[in-house]
Number of protein chains: 2
Amino acid sequence: MATKRITSIDVANLAGVSVAAVSRAFTPGASIAPATKKRVLEAASTLGYQPNVIARSLNKRSSQLVGLLMSGWNNFGYVDVLRLLSERLEAHGYEVMLKSVLDREKIGEYVGQMLQYQVAALVVVSEVLPAAVAADCTLRGLPTVLVNRIGRGTGSCAVSVDGTNLGNSIADFLIERRHRRIALLRGRADIDYVDDVMNAIKERTATSGSCEVIADLDGVLGYEAGRRCISELFSRAETPDGVFCSYDHTAIGVMDGARIDLGLSIPEDLSVIGNGDRAPASWGAHELTTVGYPRDEVVEKAVHILLSRLEDPDLEPETALLKTDLVIRASTREKSV
Amino acid sequence: MATKRITSIDVANLAGVSVAAVSRAFTPGASIAPATKKRVLEAASTLGYQPNVIARSLNKRSSQLVGLLMSGWNNFGYVDVLRLLSERLEAHGYEVMLKSVLDREKIGEYVGQMLQYQVAALVVVSEVLPAAVAADCTLRGLPTVLVNRIGRGTGSCAVSVDGTNLGNSIADFLIERRHRRIALLRGRADIDYVDDVMNAIKERTATSGSCEVIADLDGVLGYEAGRRCISELFSRAETPDGVFCSYDHTAIGVMDGARIDLGLSIPEDLSVIGNGDRAPASWGAHELTTVGYPRDEVVEKAVHILLSRLEDPDLEPETALLKTDLVIRASTREKSV
DNA sequence: GCAGGTGGCGTATACGTTTGCAAGAAAGTA
DNA sequence: TACTTTCTTGCAAACGTATACGCCACCTGC
C-alpha cells in the first residue's frame, strides 16, 4: 500500500489557493504576496510536500542536474576533484549526474544520454569532447567546461594548468642543479598540459647548452611501468641523471627501481620529479619532489565558469590556465654541493 | 536560435502513425507490429529523435537514476568502488546521481533531494542511513543497499566483509608467527566490519595464551597519524611486536615511523598489517602485508541485489558478507626462523 | 456464414509542474 | 471621484511521454 503522494494540488487545497500560487511560493522572485507565500509554505510543511523536480524539468526543459563525464580515474588522483566538484555544485543547488567514459568512441552517446535528462551543464574531466559533440553542446547553449584539457577550437570552456610556465620552472630547476641528461616519462598522451610541460622542458634545456633531454617516452603509466622503465633506461649507453614523470606513482616506481633493482642512490645518482603531489609523495619512504596540482582552485574555477554561463549563456568561451609549482623534497639534488 | 527539439509527434507525423505507436516502438515488449516498429524507428533515426526520459519519468513516476550517497571518500580507496559502480549500473541502463555526505545530520535531506528525481534505487557507501530515513525508503519500496555497512534492523540490504572470519585469520596468522603483544589502530569507528575484525582479534588472542592485545586505539587515520602513533606506542613500558591498522595508509605511516623515527627493523622488531590493499601496499619500498578488499565482488553483489529488487520489490532484505583474506608480503615475520 | 478471439492501432487522459494572460484588488495621482 | 499604475491571483495551456480503453480488422473453427 503505497503512501499517496502529495502534489501541489493538495497543498493548494489546504492553503485555499490555486496550484499556480503554490508554484510561485516555491519560485524565488515570483510575484506573490508575502502572506500567501507564508500560508502556502505552512500548508506544504504540514503535508510534507516538496515540489516534483521531474515535472518542473519537463516544463522548464532544464533540470538542476550537471553532467559529469569522467575518464582516467586512477591516473591523476581525481577522487578529490570529483568530491570537491560534487560538494561545490551541491552547495549551489545542483545535482551531479556521473558517467564513466568506458569507450571513447561512445562519448557522443554518453552526452546524448545526459541530455535526455536535461542536464543544465556539462563537466568533462580529463577527456576531450569530439568536435561534433562539442559543437552540438554549444548549439544547444549547454555550458560546458573541460577540466585538465584545452578544447582547442571547440568553443568549450576549459580549466587546466599552465604547462609551459611549469615546464620552464622544471627545466630551470634541473639546470640550476647541474643536471646534464634528462629523461621524460609520460603516460598516455592524455593530458595536454603535460605535453606543454614536456615541450617546454625540451626547448629550454636545448638552449641551455649544459643540459639535454636524452629520452622522451610515452605510455609509461603507474608504478610498475616506472619501475621497469628505469632499468631499461640504465641499460642504454647514455644514462639520465634526472627524470621527470607525468604521474607521481610512475615517479615512485622509478625511485624504487633505481634503488632496489639498480642499487642507485637518490638523489646522488639520479634526481626524480613527479607530478600531482598525491599523498604518497610526501611519505618518509619517498620524499618525492613533485608538482602540486591545484585541485581546489581547478574545481573552484570550473564551478565559477559554469555558474556564470548558467546565468548568462552568451558569454564567450573562457580558458583558465592556473599556475602551479614544484614542491621540493628529498628526491632531487641540492643546489650547491 | 535554438534548434527545434524533436518529439514523438514529429516522428509520428513522419512515420504516419500516432504518438502512441512511437511510444510503443520504444517500449520493449509493447504490442506493436514489427513493420510499424521498423517504420517508426527509421523515422526516429532520420530525425535524430530520442525519447525524453524526463517526460517518461514523470509519467512512470520512476526514473532510471540510481542515487549514490558517498562518505569517507579518501579513507578507503573508494574511487574504484565508485568507478565500478557507475560502470556496472550504466551497463544495465541506469544512470548514477552522485551526492557527497557533507553533514551527517542532513542525510535525510540528501535522500529527499534524490527522491525528488524519482531515483529508482539507492546505494549508500560507507555511511549508515538513520532509521527513520531507511524506514521511509522501505515504505516507498525504494531498493536500498548499504556498502560497507550493515543496516542492523533497518530493513535495508547490505554488502560488506565478514569481519569476524577475517579477524580470526589475522589473529591466527599473528599467533602462528609467535607474536606476543599486538596493537590495534583504527580510524574513526566508521566501518562496522572493521569493529568485528578488531573484536575477533581480541577474543582469539585472549584464548591463545601466548598473545594478547596491548593497545586498541581509535581515531588513528592516515599516514601522519600512524607515524605519530607508533612513536607514542614505543614510549610506553610495554611495546608491541605486531600492529594491525584499519587502513593501509595508516600502516605505512607506522612502518615509516618505526624505521625512520625509531630505527626499528621491519619485520624483525615489528610486524605491520594493513587493510585495503591499496596501490602503495605492493610497492617495493613498503611491501605491506595487508587485507585485500574485494572491490569487484562488492560492487557486483551490490548491483545484483539492486537489480533483483528492481525486478521484484517484495524480496526480503539481504545482507551479503564477503570473504577476504591476507595478502602476505614482507612487512610481517616469516613463520619459522 | 457467423460467433468468438486476438493483435494492432488511435483517442484521450494523466503525470505535476510553470507561466502567459487577463482580470480583479489595492494603491497612488490628479 | 475617476483614472492610472502596480501587485496578486487564478485560469488554462503547455511540457513530452505512457497507457487504459475501445475500435477495427483479421483469423479460427464450427
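Below, read A as the first sequence line, B as the second, and so on, with proteins coming before strands; counting in each chain starts at 1.
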Between C1' on C:dT17 and CG on A:Asn59, what's the gap in Å once rounded to a whole number?
6 Å

Judged by atom type as modelled, is there a donor-acceptor pair below 3.5 Å linking the side chain of B:Thr138 to the main-chain atoms of B:Ala134?
yes

Indicate, with a heavy-atom threshold strictly under 4.0 Å, whether A:Val53 touches base, sugar-phosphate, or nothing.
nothing

Compare side-chain N and O positions of A:Ser8 against OP1 and OP2 of C:dG16 and report whether any pair is under 4.0 Å apart.
no

C:dG16 phosphate, OP1 or OP2, under 4.0 Å from A:Arg5 side-chain N/O:
yes

The residue, A:Val19 or A:Ser31, whose nearest nucleotide of DNA chain D is more 5′ is A:Ser31

Checking side-chain contact (heavy atoms from CB on, under 4.5 Å) between B:Val66 and each of B:Leu85, B:Val145, B:Leu306, which is the one that passes?
B:Leu306

Under 4.0 Å, counting only non-hydrogen atoms across every strand here, what does A:Ala33 touch: a base, just sugar-phosphate, or nothing?
sugar-phosphate

Indicate yes or no: does B:Glu318 engage B:Lys301 in a salt bridge with an N to O separation below 4.0 Å.
yes

Does C:dT18 have OP1 or OP2 sitting under 4.0 Å from an N or O in the side chain of A:Ser23?
yes

Measure CD/A:Gln50 against C1'/C:dT17 and give the value in whole Å, please.
15 Å

Given DNA chain C, 5'-ward residue of the pair B:Arg61 and A:Thr27, judged by closest heavy atom
B:Arg61

Look at all strands and tell whether B:Ser57 reaches a base, only sugar-phosphate, or nothing, counting heavy atoms closer than 4.0 Å.
nothing

Which is true for A:Tyr49 with a 4.0 Å heavy-atom rule: it touches a base, it touches only sugar-phosphate, or it touches nothing?
sugar-phosphate

To the nearest Å, how far apart are B:Lys37 NZ and C:dC9 P?
12 Å

Grab the CD-P distance between A:Gln118 and C:dT18 for me, whole Å please.
15 Å

Distance (rounded to the nearest 0.5 Å) between B:Arg5 CZ and B:Gln50 CD
12.0 Å

Distance-only, no hydrogens or angles: does the A:Ser160 side chain make a donor-acceptor pair with backbone N or O of A:Ala158 under 3.5 Å?
no

Walk along DNA chain D from 5' to 3' and tell me the first and last nucleotide with an atom closer than 4.0 Å to a non-hydrogen atom of chain A.
D:dT8 to D:dG16

Please work out if A:Arg24 contacts a base, only the sugar-phosphate, or nothing of the nucleic acid, heavy-atom cut-off 4.0 Å.
base

Report which part of the nucleic acid B:Thr7 touches: base, sugar-phosphate, or nothing (heavy-atom distance under 4.0 Å, all strands).
sugar-phosphate

Can you measure from CD (A:Glu105) to CD1 (A:Ile107) and round to the nearest 0.5 angstrom?
8.5 Å

Taking the six-membered ring for Trp and the full ring for Phe, Tyr or His, determine whether the centres of B:Tyr293 and B:Tyr78 are under 6.0 Å apart.
no

Nearest-nucleotide pick for B:Ser18, side chain only, options being C:dG10, C:dT18, C:dC15
C:dG10

Would you mind classifying the nucleic acid contact of A:Ala21 as base, sugar-phosphate or nothing, using non-hydrogen atoms under 4.0 angstrom?
sugar-phosphate

At 4.0 Å (heavy atoms only), tell me whether A:Ile32 reaches a base, stays on the sugar-phosphate, or touches nothing.
sugar-phosphate

Interatomic distance, A:Ile9 CD1 vs C:dT18 P [rounded to whole Å]:
13 Å

CG of A:Leu142 to CD of A:Gln118: how many Å apart, nearest 0.5 Å?
10.5 Å

Using atom NZ of A:Lys60 as one end and atom P of C:dC15 as the other, report the distance to the nearest whole Å.
22 Å

